[in-house]
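The structure under discussion appears below in the form of structure tokens.
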There are 2 protein chains.
Amino acid sequence: MKLDTVKFKRDTPPMTRQNSPHHHGDLRAALIAAGIKILESDGIAGLSLRKIAARVGVSHAAPAHHFKGKNALLVAIAAQGFRTFTALMRAGRENASPDPHDQLAGLCRGYLEFAEKHEALFELIFSTGIKAHADDELRETSTQAYQLLEDTCALFEPSPHHEKSNEIMIWSLVHGYATLRVYNKLMSPDGETVLPFEFILPHLTPREPHAADKN
Amino acid sequence: MKLDTVKFKRDTPPMTRQNSPHHHGDLRAALIAAGIKILESDGIAGLSLRKIAARVGVSHAAPAHHFKGKNALLVAIAAQGFRTFTALMRAGRENASPDPHDQLAGLCRGYLEFAEKHEALFELIFSTGIKAHADDELRETSTQAYQLLEDTCALFEPSPHHEKSNEIMIWSLVHGYATLRVYNKLMSPDGETVLPFEFILPHLTPREPHAADKN
DNA sequence: GCCATATCTTGACACTGTCAAGTTTAACGT
DNA sequence: ACGTTAAACTTGACAGTGTCAAGATATGGC
């Protein structure tokens, strides 16, 4: 399928690009948005720079002026992915009762919701090749996601073994569960809905409210 | 870098291919082996059919006669990956004391060892695009891996919540922890060595040895 | 109004997976 | 022993990929 021959068929009318072959308007953001769309429809394997450029309506080499390479665009997409990831976790937590167990369960619900509804994006942000420490924006957004989890874990007494044991355990648990559910590997494919945290959560003892913990 | 021009530079002497441009001998196995080597050196992104073929010393289209496509070769490589994965888990378990907690900890040690020492292979076997239920060999090998975990979890009393809760919890925990460690995302990059199962394991109660459980 | 510069296009390159057609080798029935 | 058939491999082609170089055009500062 020749993609470059249908160059000027964009999905949105060229509001930003005023009848001129150059200066799209906000090409950088448009590329990220189009990349996410293609990612959600064609998966991570079907994502190519040329396809993104064609969808936005620019030439195949246009993205090079906004991103250092394909990987840089993927990093920007991943950063956006982390933002909606954090938003879903926060929403899940806010829709729960103030009880610490419910708070944590709500956070995990948001986690799983992201993994389910944005499968390709979920795979992207946790894939090799996307080094979180390489890019400033990606480091920022991923840190915020971890921060939210850390805050929620702070509602409980820390483990006597290690101060970060709670975070690591919860994060591993929910991430592993999400991964195995999404990829449907090694688990019964009949769509189990049992959550492992319902088994693990009672073992966590809520912290004494020695201060005004209303975050 | 022109790869096709150095076609006959294979890494092993052509013992199986007796001075003839055809009939390699056991090309299928050689392609899988070469694929794993390239995978471990160049990562999952640097793996191409042509590179594999060049390394074995055959033309770029030779693999097509043994694998339906690139994905089929990846599936075969993944199957082999599952085999060493299971072997490492089994070895970790066999090197532990008969105590159920030690048995499970040994298994998890093997799990993490595989994820660490065979990073790209670990990413491959748990990636989308490799559907475990599509290929017979892959389904077989992945089932064996899960079976070993299930057997080890059977050393403990099942959770009152759900009969498979132990398996799901342990698998999620170790898989999530391995993933986060390998990709080094969202966790302190100072190489923590705290294992979350050391916190989780004491909550599991060993099963009563009502039968001769010496597996 | 002019010019530097950012923005985008066109064209080329090497590399990729996959297909079609040809060539050599091995296997097998007679 | 020999000729036919099928398998194994090669060569060549094609569209698609990321990336670079060079050219065209519009924007914004002077």
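Computed from heavy atoms alone, side chains included, the values below leave out hydrogens, waters and symmetry copies. Residue numbers start from 1 in every chain, and the chains themselves are labelled A, B, ... in the order their sequence lines are given, proteins ahead of strands.
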With sequence neighbours excluded, residues passing side-chain contact (heavy atoms from CB on, under 4.5 Å) with Ala33(B): none
Grab the CZ-P distance between Arg28(B) and dC9(D) for me, whole Å please. 13 Å
Shortest non-hydrogen separation from Leu173(A) to Met169(B) and the atoms involved: CD1-O, 3.6 Å
Qualifying residues under side-chain contact (heavy atoms from CB on, under 4.5 Å), relative to Glu119(B), sequence neighbours excluded: Thr128(A), Val182(B)
If you check every side-chain atom of Leu49(A), which of dT17(D), dT19(D), dT10(C) has the closest atom? dT19(D)
Excluding sequence neighbours, so at least two apart, what forms side-chain contact (heavy atoms from CB on, under 4.5 Å) with Asp42(B)? Ile38(B), Lys51(B)
Under 3.5 Å, which donor-acceptor pairs do the side chains of residues 61-78 of chain B form with other protein atoms, sequence neighbours left out?
unit_1	atom_1	unit_2	atom_2	d
Lys70(B)	NZ	Leu47(B)	O	3.2
Asn71(B)	ND2	Gly129(B)	O	3.3

Of the listed dC9(D), dG18(D), dC8(C), the closest approach to the Ala62(A) side chain comes from dC8(C)
Please determine whether a side-chain nitrogen or oxygen atom of Ser59(A) lies at a distance below 4.0 Å from atom OP1 or OP2 of dT10(C). no
What is the distance, rounded to the nearest whole Å, between atom CZ of Arg50(B) and atom C1' of dA14(C)? 11 Å
Need to verify one output field. Residue with the more 5' nearest nucleotide on DNA chain C, Leu27(A) or Ala64(B)? Leu27(A)
Rounded to the Å, how far apart are His60(A) NE2 and dT17(D) P? 11 Å
Looking only at side-chain atoms of Ala61(B), point me to the closest of dC19(C), dC20(D), dT17(D). dC19(C)
Who passes side-chain contact (heavy atoms from CB on, under 4.5 Å) against Ala178(A), sequence neighbours left out? Tyr111(A), Leu112(A), Ala115(A), Phe122(A)
Could you list by number each residue of residues 66-75 of chain A showing a heavy-atom separation from DNA chain D of less than 4.0 Å, or answer none if no residue does? Gly69(A), Lys70(A)
Spacing between His65(A) atom NE2 and dT27(D) atom C1', to the nearest angstrom: 15 Å
